[in-house]
Novice: 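Before I ask anything, let me first share the structure, which is written out below as structure tokens.
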Number of protein chains: 2
Amino acid sequence: MDRRQQKTRKAIFAAFNKLLEEKHFNNITVQEILDEANIGRSTFYSHFETKDALLKEMCTDIFDHIFSHELHSETSHDFSSSDHGLQEKITHLLYHLKDNRGNVLGVLSGESGELFMKYFKEYLAAMFRQYPECIRQDVPREFALNHLVGSLAEAVKWWIGTKMEMPPEEAAEDYLKLIGYDH
Amino acid sequence: MDRRQQKTRKAIFAAFNKLLEEKHFNNITVQEILDEANIGRSTFYSHFETKDALLKEMCTDIFDHIFSHELHSETSHDFSSSDHGLQEKITHLLYHLKDNRGNVLGVLSGESGELFMKYFKEYLAAMFRQYPECIRQDVPREFALNHLVGSLAEAVKWWIGTKMEMPPEEAAEDYLKLIGYDH
DNA sequence: TTGATAATGAACAAAGTGTCTGATATAGTC
DNA sequence: GACTATATCAGACACTTTGTTCATTATCAA
């Protein structure tokens, strides 16, 4: 890819990210992104169709990176204690978030959090599907899966909101307690 | 209140509601509300400062109605089995949603669901605070409360999304199982 | 009936969007 | 280094949406 394109794309992402920490997605104008990234109007539109497309691409970038380990790691975890495998995976995920590569923090805890949660949950669902034994059998499967995904997403959001005071290990352990996997 | 105002307000709410079922809040223009409600531009702005204010007022209206029973009902439930009190309360809440007075359905399950969830959760938090014994003591209180609220909100949203196939009693019971209150 | 007030409709400035232009600068290739 | 392709630029453009204003008309409550 042309260096100029890389540079522009990077500048747009950085500007967008900074603005997202300050204000809600809906209240960010293309003009503000232009000014912050210091690029021309037509340049922006040659990279992204709309502001929504920019958001989507950014989410993909961020979460693909964060979950690359979580999802593609060989499922070689200890099957005799598979819940520990999950606990480690969640701990790892939280550490990853704490590293804050790609600036997920501002994005997930910020005013536009809801928008990102949608994408975040898709990745979480894929993760949980790797642990079918965690999904209770005495309630409808989709109901149970939705519970796991939704509550973990909410827990992560809350954790970020508290500036990640709790250590990742503790947060992961407490979460597993709450969903009833603390044997 | 002047009949004219009532009529206008009602028309605006109805129009807004209809539009919310069709498209996302962000993509609804004031002009569309005006046309749908068949009122003048200046009339709208004499009732609501902005589109956001309209959303907020609508949420208050809807949830105040739904939770009026839940929250103000004398906490005269059987303390010896207080979790059953909660189960009944949730069941009651689901029935209320099924009645769909105020058209919560389109609103919670629609494209703009995220916006309403925020308000919905505030009411749910108030509800759970009436059942302190449901909040686990072995994890930080706020973490536990956030889990209850977040997961119930997600469960309700999921339930609505499935056209409320499961009977309220069953959904409430399953939810309590998932949060570990199925003794 | 009458005085108060709500609704009307039309016009308005301001701000934002997405498109298009021709000129300029810079990248990758030979 | 020269050459070609193309990314960026600046700015203008038509268009949509927003929120305000005002004079006029219709409706309410007493």
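Letters A, B, ... are given to chains in the order of the sequence lines, protein chains preceding strands, and every chain is numbered from 1.
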Novice: Tell whether A/R41 reaches the base of C/dG18 with its side chain through a donor-acceptor pair below 3.5 angstrom.
Specialist: yes

Novice: Give a yes-or-no answer on whether the side chains of B/E142 and B/N146 include a donor-acceptor pair shorter than 3.5 Å.
Specialist: no

Novice: Counting only side-chain nitrogens and oxygens, does A/H47 get under 4.0 Å of the OP1 or OP2 atom of D/dT8?
Specialist: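 Answer yes for this pair, as a side-chain N or O of A/H47 is under 4.0 Å from OP1 or OP2.
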
Novice: Figure out the CG/P separation between A/N26 and D/dT17, and round it to whole Å.
Specialist: 16 Å

Novice: D/dA26 C1' sits how many Å from B/N38 CG, rounded?
Specialist: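 To the nearest whole Å, that distance equals 15 Å.
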
Novice: Taking CG from B/L19 and P from D/dT17, how many angstroms apart are they, rounded to a whole number?
Specialist: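 My rounded result for the distance is 13 Å.
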
Novice: Taking for each residue the nucleotide of DNA chain D bearing the nearest heavy atom, is the 5' side occupied by B/R4 or by B/Y45?
Specialist: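 Nearest-nucleotide comparison on DNA chain D picks B/Y45.
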
Novice: Expressed as a whole number of angstroms, how long is the span from A/F44:CZ to C/dT19:P?
Specialist: 11 Å

Novice: When the distance from CG of A/D52 to P of C/dT17 is rounded to whole Å, what number comes out?
Specialist: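 Between P of C/dT17 and CG of A/D52: 11 Å.
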
Novice: Can you check the B/D35 CG to C/dT8 C1' distance for me, whole Å?
Specialist: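 The distance from CG of B/D35 to C1' of C/dT8 comes to 14 Å, rounded to the nearest Å.
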
Novice: Assign B/T43 to base, sugar-phosphate, or nothing according to its heavy-atom contacts below 4.0 angstrom with the strands shown.
Specialist: base

Novice: Does C/dG16 have its OP1 or OP2 closer than 4.0 Å to a side-chain nitrogen or oxygen of A/Q31?
Specialist: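 So the side-chain polar atoms of A/Q31 never come under 4.0 Å of the phosphate oxygens OP1 or OP2 of C/dG16.
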
Novice: Please compare A/I28 and B/Q6 by the position of their nearest nucleotide in DNA chain C and report the one closer to 5'.
Specialist: B/Q6

Novice: Check the angle between the aromatic planes of A/F63 and A/Y123 and answer parallel, tilted or perpendicular using the 30° and 60° thresholds.
Specialist: tilted

Novice: Quick one: is the NZ or CZ of B/K56 closer than 6.0 Å to the six-membered ring centre of B/Y119, and within 45° of its axis?
Specialist: no

Novice: With nearest nucleotide decided by heavy atoms, which residue, B/M1 or A/D2, maps closer to the 5′ end of DNA chain D?
Specialist: A/D2

Novice: Rounded to whole Å, please give me the gap between CD in B/Q5 and P in D/dC28.
Specialist: 12 Å

Novice: How many angstroms lie between CZ in B/F44 and CG in B/L54, if you round to the nearest 0.5 Å?
Specialist: 5.0 Å

Novice: Using whole Å, what does the distance between atom P of nucleotide C/dT5 and atom CZ of B/R3 come to?
Specialist: 17 Å

Novice: For B/S42, report the nucleic acid contact type (base, sugar-phosphate, nothing); a contact means any heavy atom under 4.0 Å.
Specialist: base

Novice: Between atom CD of B/E36 and atom CD1 of B/I28, what is the distance when rounded to the nearest 0.5 Å?
Specialist: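 Between B/E36 CD and B/I28 CD1, I get 10.0 Å after rounding to 0.5 Å.
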
